[in-house]
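Only one structure is covered here, and it is reproduced in the block below.
Note: hydrogens, waters and symmetry copies are ignored here, and every other heavy atom, side chains too, is used. Throughout, a chain's letter reflects where its sequence line sits, starting with A, and its residues are numbered from 1.
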Number of protein chains: 2
Amino acid sequence: MPTIKDVALAAGCSTATVSRALANPEKVTEATRKRVASAIAKVGYSPNLAARNLRRSESRTIVVLLPDIANPFFSEIIAGLEDIAHREGYRVLLGDCEHDTGRAKAYFDLLPTNQADGIILLTAEIPLTLVTQQARGSQIPLVMACEYFDQLALPTVRIDNPLAAARAVEYLASLGHQRIASITGPMQNPICIDRVKGYQSEMARQSLAVNPGWIVEGDFGFLSGYQQGQVLLAMPQEHRPTAIFCHSDEMAIGLMKAARDASIQVPEALSVIGFDNIGLSEYCQPELTTVSQPRDEIGRCAMRLLLDVLRKKQVPHQQVLSTQLIVRASTTQAPKS
Amino acid sequence: MPTIKDVALAAGCSTATVSRALANPEKVTEATRKRVASAIAKVGYSPNLAARNLRRSESRTIVVLLPDIANPFFSEIIAGLEDIAHREGYRVLLGDCEHDTGRAKAYFDLLPTNQADGIILLTAEIPLTLVTQQARGSQIPLVMACEYFDQLALPTVRIDNPLAAARAVEYLASLGHQRIASITGPMQNPICIDRVKGYQSEMARQSLAVNPGWIVEGDFGFLSGYQQGQVLLAMPQEHRPTAIFCHSDEMAIGLMKAARDASIQVPEALSVIGFDNIGLSEYCQPELTTVSQPRDEIGRCAMRLLLDVLRKKQVPHQQVLSTQLIVRASTTQAPKS
DNA sequence: GATCTTTATGTAATGGATTACATATGATAA
DNA sequence: TTATCATATGTAATCCATTACATAAAGATC
C-alpha cells in the first residue's frame with residue numbers, strides 16, 4: 001500500500017505539502033494541487049486512517065447502541081442515521097446490546113481510546129452509571145433517540161409518548177370502547193411509563209374506569225403480545241377489554257394471534273392498536289391500526305444533533321417529532337354488550 | 001487519557017516491558033507482571049487502538065456486507081457472527097449496501113488501509129470486480145454466507161438451495177398439487193437461480209408441467225410478493241396455481257394478502273410455502289409453512305471461517321448446512337378441481 | 001573461574017499522517 | 001534599492017504502541 005511519502009516523491013514535494021493539498025487545498029498553489037492529485041492517482045494512494053486517527057485523535061466513527069438489531073423498528077432509524085453519517089464522512093458502528101449491559105460498557109469504552117467519537121443511544125436499557133460516570137469528567141458526545149432517561153437532560157430526539165398514547169385511547173373511546181386495556185413494553189423503560197401515563201390520563205379524561213388488570217407488561221416482542229393477550233382475553237366476559245392498545249406492532253400481532261386462538265374476531269369483538277407502523281403492519285390480517293413514528297427522520301435528527309455536539313455547536317435539549325395515528329382494519333366500533 | 005508511558009512510569013519500568021506484560025506475559029517475571037497490572041489499574045490505562053493498529057497493521061474489525069439491514073432474515077445471522085467475533089476479540093462493522101454498489105466499494109476500500117481485516121459477504125449484489133480485482137494481487141480475506149458467486153470458488157457457508165426448493169415442491173406434490181408456481185427473488189441472484197433449478201427439476205421428477213407464467217420474479221419484500229401474487233392469482237381458473245413456493249417469507253405473506261384481497265382461501269384454495277422461517281411466520285394468519293435455515297449457525301460458521309482465513313489456516317471451500325421444512329397451516333391438500 | 005546460555009529488561013526505530021515552526025520566494029511599499 | 005509582509009513549501013516533532021536489537025544479570029557447564 002503506497003503511503004504519503006510515495007505520493008510526495010511522485011509529486012516532487014514534501015509529505016507536508018501532500019497532506020495540505022488534501023486537507024487544506026487553499027493553502028497550496030493550484031499547480032501543486034494538480035501535481036499532487038495526479039501523483040495520488042498514479043500511485044493509487046489512499047490515506048491510512050489508523051495513522052490519521054492517531055494523530056488527530058478522532059476516529060470519525062459513531063457508535064449506535066440498540067437493544068436488538070432483530071427488531072425491524074430500528075432498521076429505518078438506522079438507515080436515516082447512516083445516510084447523514086456517510087454524507088458527513090462518518091462511519092457507523094452498530095452495537096447490539098442484546099439486553100446485555102456488558103456489551104454496552106465495551107462500546108462506551110471505545111470513546112476514551114478514540115475508537116469512536118460519539119454515541120447515539122437507541123436504548124435506555126444500559127446502566128445509567130455508564131452515562132453519568134463518564135459525563136462527570138467531560139461531557140461525552142451522546143445523543144439519545146426514541147428512548148430517554150428522565151433523570152438526565154441529554155440531547156434527545158423523541159416523540160411525545162404520553163400524547164401519542166392519549167390519541168390512541170381517544171380514538172378507541174370515540175369508537176365507543178369503554179373497556180380499553182394496554183399491553184406495555186418493559187415498565188422500567190421511560191417511554192413505556194410515559195405511554196401508560198398518557199393512557200391513564202386519557203382514560204380519566206374520558207371518564208373511563210381502568211381495571212388494574214388491564215395494564216399488562218410485555219417486552220415488545222411477538223411472543224409477549226401473544227402471552228399477555230391470552231391473559232387479557234381470558235378475563236370474564238364482563239371485564240374483558242373490547243380494545244387493546246399495544247406498545248409495539250409485534251405485540252399487537254401476537255395479540256391478534258391470541259384472539260384468533262380464542263375465536264375472538266378482530267376487529268368486530270376486539271379492536272387492536274399497535275405502535276411503530278413497521279412494514280409488516282400493512283400485511284397482517286387484519287391490517288393493523290397503529291401509531292406511526294417518523295423513524296427515518298428520527299435517525300437523521302439524532303445524527304445531525306450528535307455531529308453538532310461534536311462540532312461544539314449549541315444544540316437543543318429536546319427535539320420532539322410528531323406521530324400519526326394510522327387507521328387500518330384492526331379497529332372498529334365497540335361491540336354492543 | 002493515560003498512555004503506556006504513564007504506566008511505565010508508575011510501574012518503574014520501560015514501555016517495552018509494559019507492552020510485553022500485556023501481549024506476552026510469559027516473557028516477563030511474575031513480579032513485574034504484577035507491578036504492571038497494578039500500575040495499569042492505578043493510572044486507568046487502556047491501550048490506544050489507533051496506535052496499535054497502525055503498528056500492527058491490523059484493525060481487528062470485520063466488515064459484514066448485507067443488502068438490507070431492515071430484512072429480519074439477517075438479524076439472527078448477524079447475532080451469530082457477532083457472538084463469535086466478540087469472543088475472539090474482533091469488532092463487527094455492519095455495512096448496509098442498500099442495493100447501492102457505491103457503498104460496497106467504500107467498504108471494500110477499508111481493507112487495504114487496514115481499517116478492516118476481512119469481509120463477510122451476505123449478498124452477491126455487488127460488482128464482481130470488487131472481489132476479483134482485489135483478489136488478483138493477494139487473496140483478500142473474504143467469506144460468503146448464504147449467497148455465492150458461482151463463477152468464483154470463495155470460502156462459502158450456505159445451504160443446498162436446489163435441494164431445499166425441491167423438498168418444498170415435493171411436499172406440495174405429495175399433497176396432490178399439480179399447478180405449482182413460484183415467486184422468486186431477483187433472478188441475477190445465484191441462490192434464486194438454484195432454487196428455480198431445484199423447483200424445475202422436482203417438477204420434472206414429479207412429471208408435472210411448468211407453465212412459464214408460473215415463475216415470477218420478486219425482490220424478497222412484502223410488496224413484491226403482493227404484486228406478483230396478484231399476477232398469479234389473476235390467471236384464468238384452469239391455469240391458476242393451487243400452490244405457490246416463495247423464495248422468502250415476506251413475499252409469502254404479501255402473497256397471502258393478495259389472496260385475501262381476491263377472496264381466495266389459504267390454504268383451502270391455495271397452499272403457500274415461504275423461505276427463511278422469520279419470527280413473523282409463526283404469527284401471520286394462517287401460520288406459514290416455510291423452509292428454515294439455521295441462521296445463527298450460518299453466522300457462526302462464516303465468522304469462524306473468516307477468522308481461520310485470517311490465521312492462514314486451511315479452510316474448506318464450501319460448508320453446506322442443512323435446511324428443514326417447517327409445516328404449519330398455510331399448506332394443505334390440493335383442492336378438487 | 002572462564003565461557004556459554006538463557007532470561008529479563010531497556011533503548012530506540014518503526015508505522016503513516018499531521019502540523020508547529022522555519023525558511024525561501026515573490027510582492028508591496030517607502 | 002531595501003525593508004516588510006504575505007504566501008508557499010520544507011523540516012522535523014508528534015501521536016502511541018510494538019518490537020528488533022542491545023545489554024545486563026543470572027544460571028549452566030566443564
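Taking 4.0 angstrom as the limit, A/Ser19 places a side-chain polar atom (N or O) nearer than this to OP1 or OP2 of C/dT18. Between A/Thr15 and C/dG16 there is no side-chain polar atom (N or O) within less than 4.0 angstrom of OP1 or OP2. The shortest distance between the side-chain N/O atoms of A/Thr32 and the OP1/OP2 oxygens of D/dT9 is below 4.0 Å. Dashed line: the shortest gap from a side-chain N or O of A/Arg55 to OP1 or OP2 of D/dT14 is not under 4.0 Å. For the pair A/Thr17 and D/dT9, the criterion of a side-chain N or O lying under 4.0 Å from OP1 or OP2 is not met.
Atoms CG (B/Asn48) and P (D/dT14) sit 17 Å apart, rounded to a whole Å. The CG atom of A/Asp6 sits 11 Å away from the C1' atom of C/dG16 (whole-angstrom rounding). Between A/Arg33 atom CZ and D/dA8 atom P there is a gap of 9 Å when expressed in whole angstrom units. Rounded to a whole Å, the NZ atom of A/Lys27 is 14 Å from the P atom of C/dT18. Rounded to whole Å, the distance from CG on A/Asn24 to P on C/dA20 is 10 Å. Put simply, OH on B/Tyr45 is 10 Å from P on D/dC16, counting in whole angstrom units. Atom CG of B/Leu54 is separated from atom C1' of C/dT14 by 9 Å (rounded to the nearest Å). The distance from atom CG of B/Leu49 to atom C1' of D/dC16 is 11 Å, rounded to the nearest whole Å.
Side-chain N or O atoms of A/Ser75 include one that pairs as donor or acceptor with a backbone N or O of A/Pro72 at under 3.5 Å. A donor-acceptor pair under 3.5 Å is absent between the side-chain atoms of A/Arg33 and the main chain of A/Leu22, judged by distance alone.
For B/Arg158 and B/Gln319, the side-chain atoms include no donor-acceptor pair closer than 3.5 Å. Between B/Asn114 and B/Ser59, the side chains place no donor N or O within less than 3.5 Å of an acceptor N or O (distance only, hydrogens not considered). Side-chain N/O atoms of B/Asn189 and B/Glu147 include a donor and acceptor closer than 3.5 Å.
Here A/Thr29 lies in heavy-atom contact (under 4.0 Å) with sugar-phosphate atoms only. Residue-level contact check: A/Val28 touches the backbone only, with heavy atoms under 4.0 Å from sugar-phosphate atoms and none from bases.
On a pure distance criterion of 3.5 Å, a polar donor-acceptor pair joins the side chain of A/Arg20 and the base of D/dG10.
Ranked by how close their nearest DNA chain C nucleotide is to the 5' end, B/Ser14 and B/Arg52 are led by B/Ser14.
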